Each structure stands twice: as C-alpha cells, then as structure tokens.
Amino acid sequence: MADNAVLEVEDSAQDFAQRTPKQIAWMRFRRNKVGIASAWVAIFFIMAAVLAPIIVRLLGLSNTQTYPETLNEYAMPIGKFGGITLDHPLGVEPGTGRDVLSLLLYGSRISYTVAVITSVTTIGLGMLIGVATGYFRGRVDAIVGRFSDFLLSFPGTFMIIALSLPLVQRVEAMGIAKDNAARIVVLVTFFVFFGWPGFARLIRSQAMSMRERDFVMAAQAMGASSWRIITKELLPNLWPTAIVFLSLSLPGFLSAEAVFSFLGVGVQAPASTFGLVLSDAVGYWRDDPAYLLIPSTMLVIIVLSLNLLGDAIRDALDPKGSR
Amino acid sequence: MSKMTSRHLRRRLLATTAATALLAAGVLVGTAGTANAAAKTGGTLYFITHAEQFDHVDPARVYTGRDIAFFNSYIYRNLVSYKPTAGSAGSSLVADLATNTGVPSNAAKTWTFTLRPGVTWQDGSAVTCADVAYGVSRPFAQDVITDGPQYLVQALDIPKNDDGSSKYAGPYKKTGQALFDKAVSCKGNTITFKLNRSFADFNYALTYPAGAPVKKSKDTGDKYDLKPFANGPYMIESYKIGDEMVLVRNAAWKKSSDSVRTPYADNIVVRFGLAEDVRDQIMLDNSIPNTVNLDGLMPANNRAFFDDPKKANQRMNVYDPYVRYAAMNVAVGHMDCLNVRKAVFFAINTQALIDLSGGSVYYGDPGDSPVKPVLGLDYKKTTGNIHDPAWKITGAPDKAKELLAAAKTACPAAYDRATNPDKGIVWDIAQSSTNQKASVLITEALKLAGIVIKFNFIPSGQYYSTVMNTEKQNDISSAGWGADWANASTVIPELFTKEGGFNLSQNWNDAAYAAFKKKSDAAKVETNRAKQAKAWQELGQYVMDQYWIIRPVFSKGQFQWGSGVGGVYYWEPQGTFGFGQLYVK
Amino acid sequence: MLKYLVRRISATLVVLTLISMSVFLIFDVLPMDPARLTCGKACSPAVVEANRHRLGLDVPVQVQYGRWVKGLFVGRTYGEGQAQFTCPAPAFGYSFNRHECVTDLLKSAFPVTLSLAIGAFFLWLFVGVSLGIVAARFKNRWPDRASNVFVLVGTSLPTFISGILILLFVALKFGFVNPIDLGKWVSPLENPIGWINTFIFPWITLALAYAATYTRFTRSNVIETSSEDYIRTARAKGLSEKVILRKHTLRAALAPIVTLAGLDFAGLLGGAIITEGIFNLPGLGRLSIRAVLNDYDLPIIVATTMLAATFLVVMNLLVDILYAYIDPRVRVA
C-alpha cells in the first residue's frame, strides 16, 4: 500500500503540475470510468424527468389518462409482466390502467424536485452554520448550538406527520400554493427545518477538530482573517463531507419522500411519486410482481448512479483522497 | 367504492324474510353450515385484525355489529338477543337474561322484562334487576360513556333540557337520579321501562349491549372499556391495545342458565395490528388453521383466496348490512345545484370502480336507494338514477354535459365551481391506497364531462369526525351506513333529517327539505307497519330524486377463516360471524 | 470538566422545558380540535363542550401546561364520583382512547422500542463500521466494491419495502417466526431466545437501512485520516499498519461517527414507525403514529414527543462528552 501511494504521488505530481485545483479535479474525474458512466446514467434519468412531458407526448401517452382496455375484469393488467406492450413499455397500473412509464417519469419529477431542493438547502444552511459555530465557538456556538439542539430534539419524522395536515391547510388558506404544490412546500420546509441541524453538527465537529490542526493554526499565526480562514482553509477541506452527505442525502430524501407518501402525508393521487407507486405496488407483489419490480429497479438504478457519481466527485475533489 | 373498516360504517342491519330479486342472485358462495354435529370443545381460537383495538368494549359504548356480536357471544348478555343461527331465522329475538322478549303495554310506551334466575357474574354473585337498571343508566353520563347508541337516552321518559340533553346526568354525577329511577324501575326480578313515545320495536333496541347489566361495584367509568365484568361464558383475562386480547372460560357461567350460548374453545385470542400483508399471508397460506380473519383481505388477495378451490369451505361472500354512498353537501356554496349533482352522478364510470374492487362478485351492486333491499318492506325499486335510460354503467359524459349546460343558466355559480379548473368540486374521502385509485378513476371520468374534481384525503381514523363537522365538510363526502334493525326509521331520519345522527347532506339547506321532513316525522311515529313501509319507500324515492346522495352501492362483504375452524355461519342481523358457535376442529 | 458538565446539564434541562412549552403551544395554535374529533356523530355543542372539559382543553394553554407539569410531580385525578381515578406521578396524562394513564402506556411500549433500537444499533454499527474499514483498507479493490453494493441496496430500498420483503420472503416463508405471535413482546430476561427471535428480523431491516451510511462514513473518514500527517509520521516510525489503524486512524476517524450514531440511536428510541408497523411491534412508534392519525390523542402525542426529545437531548450531551474523549484533538472548552 505504501509503495503504491508513493507511485501515485509521483504520477500525480507530473500530471498536475501548473494546473488549478478545479482542472485537477476534472482530470481526476475524467479518469474514473465508473464515475463517468454513472454520471451519464444520472444525467439520463434527470433529463428523462425534466423532459417527461415531451417524452410522454412523443410516445403518445399521458400520465393522467386511464387505459381501461389494458385491464381485465378484475382491473389487473392483461398480459404478462404487468401488461408490458409496445404501447406501454413498462406496463400499466393495476386498478386504474394508467401507463407506468408516464407515471414514473412524472413521478420522478416530483421526487427529484423534493430531493434536490431539500438537499441543496439543507447543505447550504448546515454548512454555513456548522462552520461558523465550529470555528467561532464561544457565544455564537452556544446560541446556535442550543437552538439546533432544540430543533434536533424534536422527533422530526413524527412532527411532520403530526403537523403536515393542518399546515397544508394553512398554506392553502394563505394562498401560497394549492393541493400537491402545498404539500410539497410543507414537506420541503419540514425536511430542511429538521434536517439542517444534523448536518451542521457534523460540519461543526469537523470544523472544531480542524481548527486545532496545524494548517489552520499556521494561518491564524500568520494573522489571516476569520473570513479568510473559513473560506480558504476550512471550506475546501469540508467539501468532501458535504459531497458525501449530498450523495447520500439525495437518495435519502428520495426515500424520505417515499416514506411520507406511504404514511399518507406526502403527495397524493392523482399525482404519482416513487413513494406512492412503490407503496401501492407492495400490495401486488403476488399478483403483479412486475409492477413492484420495475419501479424498485428504477429507483435502485437512480440511487446507484447518484451514489457512484458522488463517490467519483469526492475522489476527484479531495486533494488528499488518492495519496 | 371506498373500502372502509368497520370503524367507519355505523350500525347494523336486520335482514327480513322478504328477500328481493337483487338478493336472490346467490348470496352465499360457501359456508360451513350450522349443523354442528361435529362441534368440538377445547382448543384455542385465534382472531386476527389489522386494527389496533376494538372500537369499544364497554357494553354501553360498543356500536359496530362485529363488536356487538363478538362480545355478546362471549362476554356479556343482554335482556334479549338475536337468535344465534344462520339465515333469516337469525333475525328473530330470543330471551337471554330475561325469560321473555319483553311485554309491551300502554300503547308500547311501557315495557317489562322478567329476569331469568340463576344468572351470575364472573365472581359468582347473582345478576340482579338493579344491575340492569344501573347498566341502562350509564349512557346518560355523556361525558364518560361516549360513542354508544342513544336509543335509550332518547326514548326513556326522562325530561330534557332546552338543548335536547337529558336532565339526568348519569350515575357518576347523579344529577336527576330520581327522574331516572322513575323511568326505569325494579320490582323483584321484573324491570320496567317507561318511554316517552310509542316504541313498537323497543326490544330490538335492547339487543344493543347498552341495555345490558353492569355491576355497580365493578364499574370503573372510562376504564370499564378495557375490562368489563363478565356474565357470559368467557371473561377477559388480558387486553392490551395494539397487542392482543385473551379470553378464558368464565367458571361461574352455567350452561343451565343460558339457552343461547355454546362455548366450544377453551381460549380465545385476538391479535391486533397485523400488517395487512401479514394478515393476508396467514389466510392465504392457512399457516394458523384455527384462525378467523376479523377484517377483509386486500382486493388482489381477496380474489386469490376466493379463486382457490381448496378454500371452498373457508370463506363466504355475502351482502353486508351497509349501503355505501357519496353524500352531496347541498349547503349554499357547495353542491347546491341539482343539475350539477346529477351531472357528477351521470359522468362517473361505475364499471371501473367495480373492477377496481375485484369485480361485482365482491363489490356488490349499484344501488338505487339509501335503503338496502335486505330491509325488505321498506325498500322499493326507485325510478330515475341508475334506471334512467341515459345512465350507463361506464359513465355517460354526454348526458352529464347536457345537465351542465342546463346548470349554466339555472345556477351559474355552481356551474362555475364545477367546471373552472381553478376551483373544482372537492370530494372528501378516507386515506387508503384503494381510495387513491378510485379518485384517479373518478377524476378521469368526470374530466370527460368537463367537470373538475379534487380529492381531500383524510386520515381514516379522523374521517367521520372531520366530515361530520359542517364547517369542515367539503362538497361531496363518501360514507356508509347500515340500519340498526329492520326498520328504515333507523336509516332515513338518521341520514336525512337535521336531528339525525349521520346527516352528511346538510339537506336542511335545501328548499326541498321542508316537505321531506314533515313526511319523515310522520312516518317515524306511524304504528301501522305497512303504511310506515310505504312512507319509507316514497321517502327513499324522494332522496334519490333530489340527489342528496348519489351512487349508493349495495355492497358485499367477504369473510375468511382457516381450515381448522368449524361452525361458521353468517349472522345476518349483526352482519358478521355468529361467533358463539365457532369451534376448533 | 465538571464546570462544563454542570453547564451542559443545566442547559439540557432548559432545552427540555422549552420544548415542552413549544409542544403545548404548537398543538394549541393548530386548527385541530381533539374535542371535536371525539364525537363522530352529529354531536351537540353541549357534548363537544363536555368532551373538551373531560380532555382538559377548556382552559387556556398556560393552565393546561401548568396542570401537565404538576401532574409530572404529584399525579393527576380524572372523572368524578365512581368514575374517578388517579394517574400517579409521574403522570403524563390519561388517554381517553386507550383508557390508560399515558405513563403506563409508555412503560409497556418503551421496552419494545428499546430492544429494537439496541439490537439494531449494535448490528448496524458492527456491520457498517467493519465494512467501512475493510473498504478503506482495500480501497478500489473488490472488497471495497462489494461493500459498495451492500451500501447501495441498503440505501435505495425504502424500509417499507425491504421490511415487508424480509418479513414475507424470509421470516414467514421459512417459518422462522410464527405469524400469529409476530411482534409479541418477550422479555429478554425470561426468554432470551424468544426475544432474539422476535427482534432479529426488525433488527436486520433497520440495520440494512442504517449500516450503509456508516460504511460510507467510516470508509471516507478512514481514508482521509490515514493521509493525515501524524498517521504518516506513525507509519514512518515503523509502526505496523494494524497498530496504526487501531491506535491512531480509527480513533480519529470514528469521532464523527459517534455523533451520527448517538443521534441515530436516540432517534430510534423515539420509535421506529415503519418497522414497528410491519413487524407488529407494540412500541413507541406505533403508539405515537396511531395517536396522531386516529384520534389526535394529545396526551400521548405530547408525551411521546417529550420522551423522544429527552432521548435526543441527553444523547447529544453524551455524544459531546464522548467525542472529546475519543478525539484528542477536540478541547472541551
């Protein structure tokens, strides 16, 4: 292992001479075949979600329309594998006869929206507050720390369930959004509200331990401003943590959205999300396994690609990672 | 359409001998029959359910047919009970704690019952007349004894306050105790009920355990709902909500004192809170043969179970006591326009909803009245609604458009609400995956007619208490109701008068209400049963013509049990198993 | 250190008091009316009022709070006449839907949730951390890849699917558990085997969901720490890789994991809603979700919220103390 490390260092030293850190990261990333492949897969699924209306229309389908002719007299899909045909490449939903491909494409739009907005906001907030409290400590840390303790002490999941119904009504009454949009607003707000302190604590603990380390002490000794130390010394070293967190929290929030839909406090029909489709499909594992298998596989592939992509970015960004 | 648990369907129904054509279409798919030549004593009988608990256990508070049948068969006895047998004979009354089924006098305003001697509580003490009187007094404590039937509170001859509440505040506060003692009195073993009106079928109201005895020294108020004192063949050994209830034999119970009950199993265990998949798996695999399913199965599994020839003797598929319907809130600003109500009705694709629940074999039949045909006398095929030539089972969007066009001029505001994409009609429905799908099917069908509909999903535990709140109720609410006994007096006034216990139409806001109310009030006190029945038939027609409710469904229920359970039959008046005759093979 | 402890503990108590106050406030301002929810039928305003009085919601929120706090110390009495009864201190109130003092409900639900949390915690910590270490040591070789696959399966399948699959296709299919006894509480002191049998599949379900996070964090932390200067110094000193890993790398790399693990564990103690539901475990999660979705049973909601909050706050404190102990680079100010 030690030998390898030495070789790698020499190797890198030649390649990375006179390049900016960004260029270096990009170089490293491009070399990672798994990373590139998963990036393409992730882009493919994200584009499919973004372009869902166009794709669905091009296929001559609709995400709301029911196709009664695809169901038998028990409202189960006609034909094998959940009613897969040329018209319905991923089969149809038992009970209603909606097209599963269209449902999943439109559904993943909602799931992505929730997951992306939540992750980015959570990380942004958590990073900012975590670094500030970890670095300054003292009074700032005490105040923010107690407040985040306070928030962390609320059983978040449970609070979302307990409060979402009345809050959705509030949001609707205030005219901010209606129906599913209101539910998404409430869900995202809750996720962020109860999510940031956890991440902030993680960042804080790292910032705290980093503060005691040589390179920060050196910068302090040289009289660098706090702002400079935070942005130039701490943040670059905290990025890997944020990236790992992001690569886990994106699929994490995808699943969280699913859980809340499953419990009946998330998005509701006629919309569809991974959560709604999967929670429904579980009841059909015996009669229509394809209906469970297809969305699960799709979710696994999406999560897989996002995770691998996250790893690749981490390896590329982390200046110490491949030493 | 809406798959509701027993919790969401109130009351029960009595089937009469006058079976209608609808019913004649073969009700029983399979039944183990009632001839219990092979009945065996001993063993443990299991019941499984997805529910976390019985809605209530306290005799004064139980109200759903299943719970009444369960506890009445095992734990506590009433003055009179339904005969524990299959078929229409099960709807006849038998003396239980009493020696007769009641003696009316004074134009049925006074009823007397004589207690059977030798009946004891689980501690061996005798069940006395005072115990019955005490039991009857408990429902008056309205702040402790909630949710139970109110027939005794309403009918006993005790003066009322201006707000309609009784001047007697129950046995805990004891305010007005003298008034109660005058209305319910004991003389030796004879108890006398004095009523404030003629009540020809008062003894049917006493099949509710709200009229059952309670031993005063054992009454624990609210906590009595966990462990009532037993005088039946079993007593509660333990009851932990969300976990299980265990019944064991009551050693003090004597067969000689009870002509109704035949306790076979040694132990009875109810397991609560099983995930639906697990519950269904147990039934499909027959992994615990001595198990009875207290719920139904999920639609897909239901079909798998009923298609399996090996399970022919482990299932029944019957018309349950309920009519499921969509109530139209006719208050101003809601569904106040007849043509819009009709348009919604004609646009719905009923066939798709039938298919969704696994086909009409399991779903039941599209209905044409708030009264179910099993009520016999009081039901009559109506005109209009599903008998309208324009109605189609797959939906008639063209007819709906026609009606909307008429509404556009007659009631423009309602028309706008129904068709404006920014507004739309809001339909209250309990949260469940089946209902989510039903909502998709309804939305799509109504879209074809240009009607905009949105669904308000409410957690099922809070569903009825939310929509019963007139301020929170939206435009349309799904509901289900079964008669309390074989008289539509427990249906039509309850559902469609302002005083009724389950009015979801808010129809007192409708111009058509006054005439209806007058006729309903008259029918309620009509003593000639034939005349009364005719009045209910006409009122049923009236309700349908006003579209106060749409698409009633004469629904069916499915029951399953394991291969090790014998003695199963459908107890018609309670709409569930005849629990008392079940045995472990 | 002592001063630090005293300060933190008093701060913790303040936080708990604040939380209890805000819980009361939140539920008071919500447009939910539990009194209205108690009577399903068209109930007269008089009955609603009677119910409101019975539930103790007919007084201002500060009075309700005062009664609640008082109940914690001296118990509470409900009802009148023969129907009167007392919930002894510490009383969290009385559930009119379950007909029991909330404290008794918590007492019977807590051992279930505790058993679930403890077993799952050790399982996921063991599996997660060891996989993470293995993955870090064999970075980019097959053990790393294999652990990555495990991680992905764990994170991508929601518990409500993995749980039901484990239950149906493993536990029930091969007869490991008797479905009629599913989730039945068995005391580990009386019947350890039965206890394990009850909880093993829920543990696996939860561990599957949680371990993944730990594998990733351990892996990335170990990789990162092992490139630190002091580790390289240790290596230069000629210490063996094993000793370095055990004595230096792990100590530093595990510090952030302690934070995460503490919070996750405390979170689980509040109740695992989905897992308890699937495996029919009568724990805190099911108690609270049912209180919310069925009846809006405020005394239960408040009590379970407070209990969960207490676990989290206390765990926070423990984590901070432990953190300083594990990572010598952190000073306790």
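Residue numbers start from 1 in every chain, and the chains themselves are labelled A, B, ... in the order their sequence lines are given, proteins ahead of strands. None of these values were measured; they are calculated from a predicted model.
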Visitor: Which residues in residues 102-112 of chain A have any heavy atom closer than 4.5 Å to a heavy atom of chain B?
Guide: none
Visitor: Select one option (side chain, backbone, both, neither) describing which atoms of B:Leu284 are under 4.5 Å from chain A's heavy atoms.
Guide: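 The answer is the side chain of B:Leu284.
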Visitor: Got a salt bridge between A:Arg286 and B:Asp280, using NZ or NE/NH1/NH2 to carboxylate O under 4.0 Å?
Guide: no
Visitor: Given heavy-atom pairs under 4.5 angstrom as the criterion, report whether the side chain, backbone, both or neither of B:Asn301 touches chain A.
Guide: side chain
Visitor: In terms of heavy-atom pairs under 4.5 Å with chain A, which of B:Asp277, B:Thr394, B:Asp355 leads?
Guide: B:Asp355
Visitor: Non-hydrogen atoms of chain B under 4.5 Å away: do they reach the side chain of A:Glu93, the backbone, both or neither?
Guide: side chain
Visitor: So do A:Arg98 and B:Glu444 actually touch side chain to side chain, heavy atoms under 4.5 Å?
Guide: no
Visitor: What distance do A:Glu172 atom CD and B:Asn456 atom CG have between them, rounded to the nearest 0.5 Å?
Guide: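 CG of B:Asn456 is found 8.0 Å from CD of A:Glu172.
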Visitor: Could you have a look at A:Gly283, A:Gly97, A:Gly95 and say which one has the most heavy-atom pairs with chain B under 4.5 angstrom?
Guide: A:Gly95
Visitor: Counting only heavy atoms closer than 4.5 Å, note whether A:Leu71 contacts chain B via side chain, backbone, both or neither.
Guide: neither
Visitor: Using residues 83-90 of chain A as the side-chain source, report each donor-acceptor pair under 3.5 Å to any protein atom, sequence neighbours left out, with the distance given to one decimal.
Guide:
unit_1: A:Thr85; atom_1: OG1; unit_2: A:Asp87; atom_2: N; d: 3.4
unit_1: A:Thr85; atom_1: OG1; unit_2: A:His88; atom_2: N; d: 3.1
unit_1: A:His88; atom_1: ND1; unit_2: A:Asp99; atom_2: OD1; d: 2.8

Visitor: Hey, are the side chains of B:Leu441 and A:Thr66 touching, using non-hydrogen atoms and a 4.5 Å cut-off?
Guide: yes
Visitor: Please flag which part of B:Gln436 lies under 4.5 Å from any non-hydrogen atom of chain A: side chain, backbone, both or neither.
Guide: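 Its backbone and side chain both get close to chain A.
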Visitor: Side chain from CB out, backbone as N, CA, C, O: work out which of these in B:Asn302 comes under 4.5 Å of a heavy atom of chain A, or both, or neither.
Guide: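 Contact with chain A is absent: no heavy atom of B:Asn302 under 4.5 Å.
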Visitor: If you apply the rule side-chain contact (heavy atoms from CB on, under 4.5 Å), what do you find for B:Lys447 with A:Thr64, and how did you get there?
Guide: CA-CA 10 Å; B:Lys447 201 190 271 173; A:Thr64 54; 3.4 Å; yes
Visitor: Do the non-hydrogen side-chain atoms of A:Asp280 and B:Lys437 ever get within less than 4.5 Å of each other?
Guide: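 Of all side-chain heavy-atom pairs linking B:Lys437 with A:Asp280, at least one is under 4.5 Å.
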Visitor: Please give me the minimum heavy-atom distance between B:Phe455 and A:Arg183, naming the atom from each residue.
Guide: O-NH2, 4.4 Å
Visitor: Counting only heavy atoms not in A:Phe194 (residues, nucleotides, ligands), do more than 12 fall under 6.0 Å from its CZ?
Guide: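 Yes - once you tally the heavy atoms of other residues, nucleotides and ligands closer than 6.0 Å, there are more than 12.
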